[in-house]
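Everything on this sheet refers to the single structure shown next.
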Amino acid sequence: MAQKPTLPQGTRDFNPLQVHRRKFILNTIEEVFKKYGFMPLETPAMENLNTLTGKYGDEGDQLLFKVLNSGNYLKNLTEYNNKGLLEESRDKTLLPSSDGSLNNLNAKTALPYISEKGLRYDLTVPFARYVVMNRNEITYPFKRYQMQPVWRADRPQQGRYREFWQCDADVIGSNSLLSEAEFLKIYDEVFTRLEIPVVIKINNRKLLSALAALTGSPEKFMDITIAIDKLDKIGESGVAEELKKCELNESQISQIIKFLSLAQSVAPLKELQQLFVGSTEGLQGCNELKKVFDLLMGLQLQNPVKIDVTLARGLSYYTGAIVEVQCTQGDFMASIGGGGRYDNLTGIFGLPDVSGVGISFGLDRIYLVMENLQKFPDYIKANHTKILFCYFDEPTQAFAFAATAKIREAGIAAEIYPDIVKKIGKQLEYANKLNIPFVGIVGSNEMESGKVVIKNLKEGTQEEMSIEKVIEKLKDNN
RNA sequence: GUGGUUUUAGCUCAGCUGGUUAGAGCGCCUGAUUGUGGUUCAGGAGGUCGCCGGUUCGAGCCCGGUAUUCCACCCCA
């Protein structure tokens, strides 16, 4: 009957070493967040579906994990059917067939009746929800950080999982560009600490929006944005083709290509200003970029910050700056962080005119990069036990147990083998497999002298000494 | 959601055009060593070949379905 257990697609277990390494990354990020005055926040894994839907575009809605209602989750559906309430509904297309059978249902039409909760897709929308719910208790500008898992019903591939962690920091209730500059500095600081070489790319949504207006098709903003985002993948001709598919004409396309040519420019800001002469929005985007760079002048960053006019980023709520961080070394070059400014995220929840800006670190991708570049410090191990006590029988067990306690009191991680086993080799083998550097052996001889034999497993040497000496020795060995 | 790919011992993988009893390395267990791991030597255990169905005298191998791995697209951390 034993069935082979498996994991849901796109999820992973983390073994002890992996957990320690992930925590190393998390701690590094958290330390920096705290240093900049951000305060921690945690929100539930589940949100009401109506909090989540419509915030990430159609594509995003599809990637939401929905949670089935509790109890008889088909009840609502059948009741609606039986009572003929279909007629009263404001949108009949969302409802099941009225012939009393559920045969014609599909997932989309049935969804509102069987699910009202979903797993969070990111940390920004739950944060916006929190701000709106606690608007009167919060001191603005509110700076919060949040490091929790998020879920997307995406198809897994390299660096992409269905459950993964984001580490977000946001400032809400201020539209100062100082925040943008601070966030860039935070990116720089974290990745410097983690020893990951990165390039920090920055752009401004206003430029993209102004570009769309400039071509005379402002409604094609999303299409244009998505197309130019692919520049480094499919090249200029590819972008032009994409744009053609979106029904843009030759002169519009050439205008956009001209804009893209600035991607290679050394000083794109000046050229951008020329391009957007006459566009208030475009010029505003330029000015914002300039201001951020001016602020960064005095900060001495370790990693390059580059204007990248092709940087688009999908999330539909960004309105000002958009940033993205890419590793510049190794096999895995995908984005390991991103963020931007959103002027009206809380508006949907009834709190208009609150500007926010934030960034996110992708823990799992940072892990991949660090593994790839071998940047994890050697001192991170699966366990950090310094010494294992071994013994032979009940009296020596009691003695070893007391000795273990004394070592621990001194602040040193110590273990005692829990079972009385005849062979001491078994206990040594345990220490060896767990990479515990020392064992303390307690037999009747040692008990008499009140000392223990300390063996260095790496060197194979051993000597007899008092517990006090052991503590001294292990402290030196840190 | 679309396309390709993977799945054989605990792990990493061989397995020929379909043909006896499915192999290797590592790991695991026992012993050489009744107070010494790691190293060495000798021996041993372990597999419904992802799952369901089909073709065939005969399937790990061929066909269909399904799950899963990894990769690409869409999109994204």
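These values consider heavy atoms only, across backbone and side chains, with no hydrogens, waters or symmetry-generated copies. So you know, we letter chains A, B, ... as the sequences are listed, proteins then strands, and number each from 1. Keep in mind the model is a prediction, meaning the values are calculated, not measured.
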Under-4.0 Å side-chain N/O to phosphate OP1/OP2 contact, [X] with [N]:
X: A:K455; N: B:G38; value: no
X: A:K230; N: B:C75; value: yes
X: A:K458; N: B:U39; value: no
X: A:K426; N: B:U36; value: no
X: A:Q9; N: B:U69; value: yes
X: A:Q157; N: B:A72; value: yes

Could you tell me how far [M] sits from [N] if I compare only their [atom1] atoms? Round to whole Å.
N: B:U48; M: B:U5; atom1: C1'; value: 25 Å
N: B:C61; M: B:U21; atom1: P; value: 16 Å
N: B:C11; M: B:C28; atom1: P; value: 14 Å
N: B:G58; M: B:U17; atom1: P; value: 22 Å
N: B:C76; M: B:C16; atom1: C1'; value: 45 Å
N: B:U68; M: B:G1; atom1: P; value: 11 Å
N: B:G44; M: B:G4; atom1: C1'; value: 43 Å
N: B:G3; M: B:A67; atom1: P; value: 13 Å

What contact category does [X] fall into here, base, sugar-phosphate, or nothing, at under 4.0 angstrom with non-hydrogen atoms?
X: A:Q62; value: nothing
X: A:G339; value: nothing
X: A:S335; value: sugar-phosphate
X: A:G159; value: base
X: A:E459; value: nothing
X: A:F361; value: nothing
X: A:I226; value: sugar-phosphate
X: A:Y430; value: nothing
X: A:G460; value: base

Looking at [Y] and [X], is any side-chain nitrogen of the basic one under 4.0 Å from a carboxylate oxygen of the acidic one?
X: A:D154; Y: A:R162; answer: no
X: A:D364; Y: A:R22; answer: yes
X: A:E288; Y: A:R341; answer: no
X: A:E47; Y: A:K117; answer: no
X: A:D170; Y: A:K143; answer: no
X: A:R193; Y: A:E31; answer: yes

Polar pair under 3.5 Å, donor/acceptor by atom type, side chain [X], base [N]:
X: A:N432; N: B:G37; value: yes
X: A:E446; N: B:G35; value: yes
X: A:R155; N: B:C74; value: no
X: A:R365; N: B:C76; value: yes

Check the distance between [N]'s [atom2] and [X]'s [atom1] and give it to me in whole angstrom.
X: A:K201; N: B:C76; atom1: NZ; atom2: P; value: 15 Å
X: A:E429; N: B:U39; atom1: CD; atom2: C1'; value: 13 Å
X: A:D122; N: B:A77; atom1: CG; atom2: C1'; value: 10 Å

Legend entry - A:F164-B:A77 aromatic stacking (under 5.5 Å, under 30°):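 Stacked: centres under 5.5 Å apart, planes under 30°.
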Inset, instruction - Report the residue (A:R160 or A:S444) whose heavy-atom-nearest nucleotide on RNA chain B is the more 5′ of the two. - result: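 By nearest-heavy-atom nucleotide position, the 5'-most residue is A:S444.
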Legend entry - Along RNA chain B (nearest heavy atom to each residue), the more 5'-positioned of A:G425 and A:P8: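 Counting from the 5' end, the first nearest nucleotide belongs to A:G425.
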[X] side chain, from C-beta outward: closest of [options]:
X: A:K433; options: B:A77, B:A72, B:C28; value: B:C28
X: A:N445; options: B:G35, B:G38, B:C73; value: B:G35
X: A:L457; options: B:C71, B:G35, B:G37; value: B:G37

Legend entry - Residue among A:Y36, A:Y145, A:F38 satisfying ring pair (Phe, Tyr, Trp, His ring centres under 6.0 Å) with A:F183: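 Single pass found, and it is A:F38.
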Inset, instruction - Look at atom CG of A:D58 and say whether more than 12 heavy atoms of other residues, nucleotides or ligands are closer to it than 6.0 Å. - result: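 Open: at most 12 neighbouring heavy atoms sit under 6.0 Å from CG of A:D58.
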Inset, instruction - For A:F14, look at atom CZ and say whether over 12 heavy atoms of other residues, nucleotides or ligands are found less than 6.0 Å away. - result: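 Enclosed.
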Inset, instruction - Indicate the ring-plane relationship of A:F142 and A:F127, choosing parallel, tilted or perpendicular according to the 30° and 60° boundaries. - result: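 The rings of A:F142 and A:F127 sit tilted, inter-plane angle from 30° to 60°.
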Legend entry - Consecutive-pair stems (at least three Watson-Crick or G-U pairs, under 3.5 Å) that include RNA chain B: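 Stem list for RNA chain B: B:1-4 with B:70-73, B:10-13 with B:23-26, B:28-32 with B:40-44, B:50-54 with B:62-66.
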